[in-house]
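Inspection log for the structure reproduced underneath, given as structure tokens.
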Amino acid sequence: MAIGALNDAQDQTATHEVLLEFPDNRLLIDLCGEYDRNLADIEQKLGVQIVRRGNQLSVMGEDSAREQAAGVLTALYDRLETGRSVESGDIDRELRMGQEADEAEPDGQLQMFRGGRVEIKTRKKLVEPRTEAQKAYVHSLFENELAFGIGPAGTGKTYLAVAVGVSMFITGHVDRIILSRPAVEAGEKLGYLPGDMKDKVDPYMQPLYDALNDFLPGKQLAKLLEEKRIEIAPLAFMRGRTLSNAFVVLDEAQNATTMQMKMFLTRLGEGSRMVITGDRSQVDLPRGVQSGLADAERLLKSIPKISFNYFTARDVVRHPLVAAIIEAYDADAMPA
């Protein structure tokens, strides 16, 4: 590591300050960000003050916050030394990882996954989990033939699943990617939408197209879609197929019925991996129809080599208000 902390115990005790020295001034500029916006982000989220003095950063504040800020700055500088950039999401990830490492129970579900950095390589970008729950989920996707990701919107369940699928595809571990969703009507009847069946169904599939566009160049994605090496289709179109040597994702699985879920799960063929993602709080099925996701969770949880990973509002990686909104709705749904 190219950062040297200037350890003067008496001075730090007197001023509540940590001094970090960064030998490469060019990388230090990238670390601080345009108009020091990266430093301002860390200051705002941790309640510390960061002052630049030449090639040093002085971090002042309460003991725990000061040490965490120093750790975040060190990790981000190490990232820059390896040739990667530092963006807002990278700061958010380092802040979350540090906080969750402190708060998690020693024997918790995530403890076995601590330690190394987890990266997913795609054609367009390098994807890294931003929370410990995401990190455990990515491990499960690589290690299990059937994995479930369950939790609220914005926690990266589908995005990370598609990223892992693309990574396995470009490295030759699978021959195809198949992404599916139930085309469930949520307030607007399919029959009243304009166009043919593809035009009616594509809006439901758009989040899957969006994820693929993040990981593959446009021309390559279009060619793979044309060759059907990547398929995006409604759940109903999966009936009767055997999906071999494929990475298969069922998104919005809470809107699959029990029979649809059984049908989909039994499509799993030789050399394939399957990921089921869903949010139990956003079921759009008609009243009285049981969610296939809930049934699958109940029936399959004790079967070896099937993993279940769970997310909460603290794993939301969209706008900070999204986590607050989810927590407000969850609190309102709790019995008095």
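No hydrogens, no waters, no symmetry mates; every other heavy atom, side chains included, goes into these values.
At least one side-chain heavy atom of Leu225 sits less than 4.5 Å from a side-chain heavy atom of Tyr209. Side-chain contact between Arg52 and Ile29 is present, with at least one heavy-atom pair separated by less than 4.5 Å. Looking only at side-chain heavy atoms (C-beta outward), Leu73 and Ile42 come within less than 4.5 Å of each other. Put simply, the side chain of Val164 does not reach to within 4.5 Å of the side chain of Val127, judged on heavy atoms. For the pair Phe308 and Ile306, the minimum side-chain heavy-atom distance is below 4.5 Å. In this structure the side chain of Ile178 reaches within 4.5 angstrom of the side chain of Arg241, judged on heavy atoms. Between Gln220 and Lys223 the shortest side-chain heavy-atom distance does not fall below 4.5 Å. Side-chain contact between Asn38 and Leu76 is absent, with no heavy atoms from C-beta onward closer than 4.5 Å.
Between Gln134 and Thr155 the shortest heavy-atom distance is NE2-O, 2.8 Å. Residue Ile232 comes nearest to Leu208 through the heavy atom pair CG2-CD1, 4.0 Å, listed as atom of the first residue, atom of the second, then distance. Closest heavy-atom contact between Lys157 and Pro152: NZ-O, 3.0 Å. For the residue pair Thr242 and Gly269, the shortest heavy atom distance occurs at CG2-CA, 4.2 Å. Looking at every heavy atom in both residues, Thr266 comes nearest to Lys262 through OG1-O, 2.9 Å. In this structure, Phe142 and Met168 approach most closely via the heavy-atom pair CD2-CE, 3.4 Å.
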*Determine, step by step, whether Tyr159 and Phe215 satisfy the side-chain contact (heavy atoms from CB on, under 4.5 Å) criterion, reporting the C-alpha distance in whole Å, the side-chain angles of both residues, the deciding distance to 0.1 Å, and the verdict.*
CA-CA 10 Å; Tyr159 192 80; Phe215 306 135; 3.4 Å; yes

_Test side-chain contact (heavy atoms from CB on, under 4.5 Å) on Val18 and Leu57; report intermediate values, then the result._
CA-CA 8 Å; Val18 170; Leu57 291 179; over 6 Å; no

*asked:* If you apply the rule side-chain contact (heavy atoms from CB on, under 4.5 Å), what do you find for Gln56 with Leu20, and how did you get there?
replied: CA-CA 5 Å; Gln56 299 173 1; Leu20 299 173; over 6 Å; no

*Apply side-chain contact (heavy atoms from CB on, under 4.5 Å) to the pair Val138 and Glu128, showing each step before the final yes or no.*
CA-CA 9 Å; Val138 170; Glu128 298 173 79; over 6 Å; no

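The main-chain N or O of Glu87 is found under 3.5 Å from a side-chain atom of Asp90 such that the two form a donor-acceptor pair. The backbone N or O of Leu224 lies less than 3.5 Å from no partner atom in the side chain of Arg229, so there is not a single donor-acceptor pair. Under a 3.5 Å cut-off, the side chain of Lys305 and the backbone N or O of Leu146 do not form any donor-acceptor pair. One N or O on the side chain of Arg267 and one on the backbone of Met263 form a donor-acceptor pair closer than 3.5 Å. Side chain of Ser180 to backbone of Ala233: a donor-acceptor contact under 3.5 angstrom is found. Looking only at distances, a side-chain donor or acceptor of Glu43 sits under 3.5 Å from a matching main-chain atom of Ile50. Between the Gln68 side chain and the Leu95 main chain, a donor and an acceptor come within less than 3.5 Å of each other. The main-chain N or O of Ser244 is found under 3.5 Å from a side-chain atom of Arg176 such that the two form a donor-acceptor pair. Side chain of Lys124 to backbone of Asn213: a donor-acceptor contact under 3.5 angstrom is found. Remark: the backbone N or O of Ala147 is not paired with any side-chain donor or acceptor of Ser307 at under 3.5 angstrom.
For the atom pair CZ (Arg314) and OG1 (Thr131), the distance works out to 8.5 Å, reported to the nearest 0.5 Å. Rounded to the nearest 0.5 angstrom, Leu265 CG and Met274 CE are separated by 6.0 Å. Between the CG atom in Asn245 and the CG atom in Asp175 there is a gap of 5.0 Å [rounded to 0.5 Å]. Ile177 CD1 to Ser167 OG: the interatomic distance, rounded to the nearest 0.5 Å, is 9.5 Å. Here the CG-CZ distance, from Leu160 to Arg130, works out to 9.5 Å after rounding to the nearest 0.5 Å. Of the inter-residue distances, the one linking Leu80 atom CG with Asp24 atom CG reads 9.0 Å to the nearest 0.5 angstrom.
For CD of Glu145, the number of neighbouring non-hydrogen atoms (other residues, nucleotides, ligands) closer than 6.0 Å is 12 at most. Within a 6.0 Å sphere centred on CD of Glu227, heavy atoms belonging to other residues, nucleotides or ligands number more than 12.
A salt bridge between Arg66 and Glu17 is absent, with no side-chain N of the basic residue lying under 4.0 Å from a carboxylate O of the acidic one. Taking the charged nitrogens against the carboxylate oxygens, Glu252 and Arg181 do have a contact shorter than 4.0 Å, which makes a salt bridge. Salt-bridge annotation for Asp41 and Arg37: absent, with no side-chain N of the basic residue lying under 4.0 Å from a carboxylate O of the acidic one.
Neither side chain, Ser291 nor Gln254, offers a donor N or O lying under 3.5 Å from an acceptor on the other. Side-chain contact check for Arg84 and Thr82: at least one donor-acceptor pair (N or O, by modelled atom type) lies under 3.5 Å.
For the side-chain contact (heavy atoms from CB on, under 4.5 Å) test with Met261, the passing option among Leu250, Asp295, Leu235 is Leu250; the others fail.
Cluster annotation: Ile303 is connected to Val248 through the hydrophobic network of ILVMFWY side chains, with a link wherever side-chain heavy atoms come within less than 4.5 Å. A continuous path of Ile, Leu, Val, Met, Phe, Trp and Tyr side chains, each step under 4.5 Å between heavy atoms, connects Leu299 with Leu293, placing both in one hydrophobic cluster.
Side-chain rings of Tyr310 and Phe148 stay apart, their centers remaining 6.0 Å or farther from each other.
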